[in-house]
Colleague: 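Here it is, the structure, as structure tokens.
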Amino acid sequence: MNLYKYVSDKINEKLGATVNLESPRNREFGDFATNVAMVNVKSAGKNPRELATDYVAKLAELDFVENASVAGPGFINIKLRDDFIWKNVAAPEQITADKPLVIDMDYGAYNVAKSLHIGHLRTSIVGDTLYRLGRFLGHKMISYNHMGDWGRSMGFVIAWIERLHPDWPFFQSNFDPDGDYSKYTFDPAELDTYYPSAAALAKTDTAFLEHAQMITAELQQGHAGYNAIYNIFMPISLASMNKTVKSLNIVPFDNDLGERNAAKYTAPVEKMIRDKNLLVKSDGAEIIIVKRDTDNKPMPPVMFYNSRGAVPYDATDIMALYYRKITDNPDKVIYLTDKRQSLHFEQLFRVAELLNMFPADALEHIGYGTINGSDGKPFKTRDGNAAGLNDIIDMVRVAARARVAESGKKLDDETIDEIALAALKFNDLMHDLRSDYIFDPDSVTSFEGRTGPYILYTAVRLNSILKKAETNQKSEIVNHKLTVDERNLLIQIMDFERTVLTAFDNRATDLIANYAYDLCQLINTFYHNCPIMRDDIDDKTRAGRLHIVRVARDTLATAIDLMGLTVPREM
RNA sequence: GCGCCCAUGGCUCAAUUGGAUAGAGCAUUUGACUACGGAUCAAAAGGUUGAGGGUUCGAAUCCUUCUGGGCGCGCCA
């Protein structure tokens with residue numbers, strides 16, 4: 001149940017006020033606290049402690065209140081009755097948001113012919129958890145991997161292939177579009193080196209750069225040879241992306257539709273823009289002015305056609321939005337990208353408004369921070385290269401395997417992978433996604449303390465008890481007087497629903513991760529202090545504690561699933 | 001130049017969006033039933049929340065000035 005909401009509503013009803021209910025930081029103060037007396041002190045004309053005393057008398061009449069007391073400058077602390085807690089604590093169910101929405105989520109945004117690197121970690125992992133959260137709350141979530149598959153980088157890749165194989169038919173003037181080109185193929189790993197190599201060359205070789213830019217424009221305008229070679233490497237690259245997606249255990253994208261798909265809608269979108277007289281010629285390009293008189297900051301125009309006639313990402317993003325409008329017609333579109341792109345999205349949203357495509361509040365950009373190394377600069381491997389995502393996954397796996405070997409346990413590879421992935425993903429999820437954070441390989445691979453493996457370990461422990469207790473499956477709730485550890489755990493369990501709702505509302509995946517960690521701490525303390533299967537434990541206590549274990553396990557398992565992690569059978 | 005973001009124990013992060021004695025993890029020191037599984041638990045030590053000023057019952061959080069960092073500002077995404 002949403003304990004917080006229930007208690008909050010009852011108290012509001014009783015006091016005829018809007019109470020700001022909170023969980024006290026220090027659990028000894030009580031299960032809940034409120035500052036309502038301090039807030040209402042002005043209108044009441046009493047001092048806060050007097051007013052609080054009045055409130056306390058009323059609160060004591062509520063059937064779920066064990067006691068209520070005044071503390072400090074006028075806080076009211078409330079302790080719940082044991083039987084109320086016993087009666088209401090339950091495993092989480094699918095929660096339905098008040099108003100289920102259709103939500104398009106744009107994250108991932110992988111690039112063709114460029115392997116995933118550490119920059120894709122957050123968009124993938126956080127995007128996946130937001131997607132799962134939204135789904136859990138009953139929203140219709142539609143995910144888009146808005147691939148970089150049609151812009152400048154494609155010209156670079158093709159130019160690089162031409163450089164390697166100038167004799168290939170795709171680059172000849174007499175290219176036959178109906179020919180059989182099945183013998184031309186690429187090794188995925190090698191393909192991933194093409195774009196970086198080309199980009200590096202373009203920095204020094206202006207002629208190469210200009211040639212690549214021309215190829216981009218010609219590709220977009222239908223050049224047969226370029227399109228043919230594109231159609232060969234594109235699927236190879238996509239398969240490679242999806243392999244990484246799978247190894248990250250993120251929900252497959254509903255749509256792998258990127259810039260190329262969007263560009264199909266150039267004509268209707270251009271018409272919309274022209275109809276409103278928004279397209280302006282400038283330096284050979286065609287742009288949309290989005291600056292407003294009230295702006296006190298730089299607001300460059302949106303590029304629709306560049307001077308070579310190609311559609312850059314400014315334009316394809318408008319078209320992608322158009323595509324989503326005419327297909328999903330979503331209530332909301334949420335973009336999850338690096339925060340450095342926030343100006344771009346502000347521009348895009350202005351265009352959407354100018355075109356009456358979406359109101360401003362339907363579009364949302366969540367900008368996540370950079371993952372830095374211990375030097376405070378974007379994380380690189382020891383040899384100074386941008387760290388590949390597969391390399392990072394492997395690094396954590398190797399560490400996990402070593403850890404298992406050291407402990408003398410025998411776990412299969414699948415389990416080790418689950419542990420390693422948990423370490424990597426939890427480390428990402430626990431940070432405030434809008435801030436930069438430092439990625440410390442030693443800390444991520446330590447598997448101790450505030451880590452993914454700690455979370456999984458806790459779940460495995462609970463499963464282990466339940467397995468052991470299988471024989472006496474009394475599912476009825478036998479209540480006994482709660483110990484402090486039992487009580488703290490149950491209160492936290494009952495706060496799950498509020499946490500999930502708040503996390504989604506604030507697009508704050510760290511709330512789920514931190515909730516799970518706090519829950520695990522309480523579980524482990526309970527586990528340590530409250531024996532269950534030991535011979536000296538009476539049946540009533542055992543049955544009650546087993547019930548707690550079941551509910552705790554189910555709650556934790558739900559949180560783990562929302563984070564896209566898997567509980568191993570053993571560890 | 002204009003604009004946005006950040007600064008919290010030695011290190012990495014929190015702080016219920018203005019609430020009580022600023023909490024965790026790592027590292028350090030110490031302890032735990034020969035174990036419902038020790039990837040755990042318990043405890044100690046460690047803080048003028050970058051600096052100054054202001055707002056109020058109450059500030060890490062809001063305003064202001066300063067210092068130090070990061071990022072963005074038309075043909076990349």
Colleague: Could A/Arg403 and A/Glu448 be called an ion pair, given the rule that one side-chain N must be under 4.0 Å from one carboxylate O?
Modeller: yes
Colleague: Give me the distance, rounded to whole Å, that separates B/G25 from B/C62 when you measure between the C1' atoms they each carry.
Modeller: 30 Å
Colleague: Nearest whole angstrom, please: distance from the C1' of B/A15 to the CE of A/Met430.
Modeller: 15 Å
Colleague: Shorter than 3.5 Å, N or O on both sides, protein versus nucleotides 19-23 of chain B: list them out with atom names.
Modeller:
{"residue": "B/G19", "atom": "N7", "partner": "A/Asn35", "partner atom": "ND2", "Å": "2.6"}
{"residue": "B/A20", "atom": "OP2", "partner": "A/Arg25", "partner atom": "NH1", "Å": "3.0"}
{"residue": "B/A20", "atom": "N6", "partner": "A/Asn77", "partner atom": "OD1", "Å": "2.6"}
{"residue": "B/A20", "atom": "N1", "partner": "A/Asn77", "partner atom": "OD1", "Å": "3.1"}
{"residue": "B/A20", "atom": "N1", "partner": "A/Asn77", "partner atom": "ND2", "Å": "3.1"}

Colleague: What does A/Val549 touch in the nucleic acid at a heavy-atom separation under 4.0 angstrom: a base, only the sugar-phosphate, or nothing?
Modeller: nothing
Colleague: Grab the two heavy atoms, one from A/Ile560 and one from A/Ala459, that are nearest each other, plus how far apart they are.
Modeller: CD1-CB, 3.8 Å
Colleague: Using atom C1' in both nucleotides, what's the gap between B/U21 and B/G47 to the nearest angstrom?
Modeller: 13 Å
Colleague: Under 4.0 Å between any heavy atoms, over every strand shown, what does A/Asp314 touch: base, sugar-phosphate, or nothing? Just pick one.
Modeller: nothing
Colleague: Considering only B/G25, B/A39, B/A14, which nucleotide approaches the side chain of A/Gln521 most closely?
Modeller: B/G25
Colleague: Considering only atom C1', compute the distance from B/U30 to B/C63 and round it to an integer number of Å.
Modeller: 47 Å
Colleague: When syn is taken as a glycosidic angle within 90 degrees of 0, is B/U17 syn or anti?
Modeller: syn
Colleague: Calculate the interatomic distance between A/Phe447 atom CZ and B/C26 atom C1'; express it in whole Å.
Modeller: 15 Å
Colleague: Could you spell out the base pairing of RNA chain B in dot-bracket, with Watson-Crick or G-U pairs whose two distances are under 3.5 Å, [ ] crossing and | to another strand?
Modeller: (((((((..((((.....[...)))).(((((.......))))).....(((((..]....))))))))))))....
Colleague: Report, as a single string ordered 5' to 3', how protein heavy atoms within less than 4.0 Å touch nucleotides 69-75 of chain B: B base, S sugar-phosphate only, - not at all.
Modeller: --SBBBB
Colleague: Can you check the distance between B/C41 and B/G46, where both ends of the measurement are the P atom (answer in whole Å)?
Modeller: 23 Å
Colleague: Nearest to the side chain of A/Tyr437 - B/U16, B/A15, B/C13?
Modeller: B/C13
Colleague: Base, sugar-phosphate or nothing for A/Ile532? Non-hydrogen atoms, less than 4.0 Å.
Modeller: base
Colleague: Decide yes or no for A/Ile371 and A/Pro378: does some side-chain heavy atom of the first lie under 4.5 Å from some side-chain heavy atom of the second?
Modeller: no
Colleague: Rounded to whole Å, please give me the gap between CZ in A/Phe504 and P in B/U16.
Modeller: 21 Å
Colleague: For A/Asp149 and B/C76, give me the distance from atom CG to atom C1', rounded to whole Å.
Modeller: 15 Å
Colleague: Roughly, in whole Å, what's the span from CZ in A/Phe345 to P in B/C76?
Modeller: 17 Å
Colleague: Do A/Asp295 side-chain atoms and A/Lys291 backbone N/O form a donor-acceptor pair below 3.5 Å?
Modeller: no
Colleague: Ignoring hydrogens, what is the shortest heavy-atom contact between A/Lys339 and A/His365? Give both atom names and the distance.
Modeller: CA-CE1, 4.4 Å
Colleague: Report yes or no: is the cationic atom of A/Arg498 (NZ for Lys, CZ for Arg) closer than 6.0 Å to the six-membered ring centre of A/Tyr4, at no more than 45° off its axis?
Modeller: yes
Colleague: Using atom P in both nucleotides, what's the gap between B/A15 and B/A27 to the nearest angstrom?
Modeller: 23 Å
Colleague: Do A/Arg507 side-chain atoms and A/Phe504 backbone N/O form a donor-acceptor pair below 3.5 Å?
Modeller: yes
Colleague: On a whole-Å scale, what distance lies between the P atoms belonging to B/G50 and B/A60?
Modeller: 10 Å
Colleague: Dump the intermediate steps for side chain to side chain donor-acceptor pair (under 3.5 Å) on A/Tyr437 and A/Asp428, then the final yes or no.
Modeller: CA-CA 9 Å; A/Tyr437 76 87; A/Asp428 195 71; 2.5 Å; yes
Colleague: Would you say A/Thr415 and A/Asp412 are linked by a side-chain donor-acceptor pair, where the criterion is simply a distance under 3.5 Å?
Modeller: yes
Colleague: Quick one: do the A/Gln492 and A/Arg487 side chains pair a donor with an acceptor below 3.5 Å?
Modeller: no
Colleague: Could you pull out all donor-acceptor pairs under 3.5 Å where a side-chain atom in residues 146-160 of chain A meets a protein atom, sequence neighbours excluded?
Modeller:
{"residue": "A/His146", "atom": "NE2", "partner": "A/Asp317", "partner atom": "OD1", "Å": "3.1"}
{"residue": "A/Asp149", "atom": "OD1", "partner": "A/Glu259", "partner atom": "N", "Å": "2.9"}
{"residue": "A/Asp149", "atom": "OD1", "partner": "A/Arg260", "partner atom": "N", "Å": "2.8"}

Colleague: May I have the distance from A/Leu433 (atom CG) to B/C13 (atom P), rounded to whole angstrom?
Modeller: 14 Å
Colleague: Provide the full list of ring-ring contact (aromatic ring centres under 6.0 Å, His included) pairs with a residue in residues 514-536 of chain A, sequence neighbours left out, each pair given once.
Modeller: A/Tyr454-A/Tyr517, A/Phe496-A/Tyr515
Colleague: Please enumerate all protein N or O atoms sitting under 3.5 Å from an N or O of nucleotides 29-33 of chain B, with distances to 0.1 Å.
Modeller:
{"residue": "B/C33", "atom": "N4", "partner": "A/His528", "partner atom": "NE2", "Å": "3.3"}

Colleague: Rounding to a whole Å, what distance do you find between A/Leu424:CG and B/A39:P?
Modeller: 22 Å
Colleague: Indicate yes or no for a side-chain donor-acceptor contact from A/Asp31 to the backbone of A/Leu80 under 3.5 Å, with no hydrogens or angles considered.
Modeller: yes
Colleague: May I ask you to check whether A/Arg450 and A/Asn427 show a side-chain donor-acceptor distance below 3.5 Å?
Modeller: no
Colleague: Select base, sugar-phosphate, or nothing to describe what A/Cys520 touches, counting heavy atoms under 4.0 Å on all strands.
Modeller: nothing
Colleague: Would you indicate what A/Ile419 reaches in the nucleic acid, counting non-hydrogen atoms under 4.0 angstrom: base, sugar-phosphate, or nothing?
Modeller: base
Colleague: When we call it a touch if two heavy atoms are under 4.0 Å apart, what does A/Ser443 touch: a base, just sugar-phosphate, or nothing?
Modeller: nothing
Colleague: Say we look at B/C76 and B/G9: how far apart would their P atoms be, to the nearest angstrom?
Modeller: 43 Å
Colleague: For A/Tyr335 and A/Tyr107, I'd like to know if the aromatic rings sit close, meaning centre-to-centre distance below 6.0 Å.
Modeller: no
Colleague: Check the phosphate of B/A39 against A/Tyr457, side-chain N and O only, distance under 4.0 Å to OP1 or OP2. Yes or no?
Modeller: yes
Colleague: In terms of the nearest nucleotide of RNA chain B, which residue is placed more toward the 5' end: A/Met571 or A/Leu21?
Modeller: A/Leu21
Colleague: Atom CD of A/Glu346 to atom P of B/G3: distance rounded to whole Å?
Modeller: 14 Å
Colleague: For B/G72 versus B/U40, give the span between their P atoms, rounded off to a whole number of Å.
Modeller: 39 Å
Colleague: Quick check for you: to the nearest 0.5 Å, what is the distance between A/Ile118 atom CD1 and A/Leu389 atom CG?
Modeller: 8.0 Å
Colleague: Ignoring backbone atoms, establish whether A/Ser464 has a side-chain N or O less than 4.0 Å from OP1 or OP2 of B/G37.
Modeller: yes
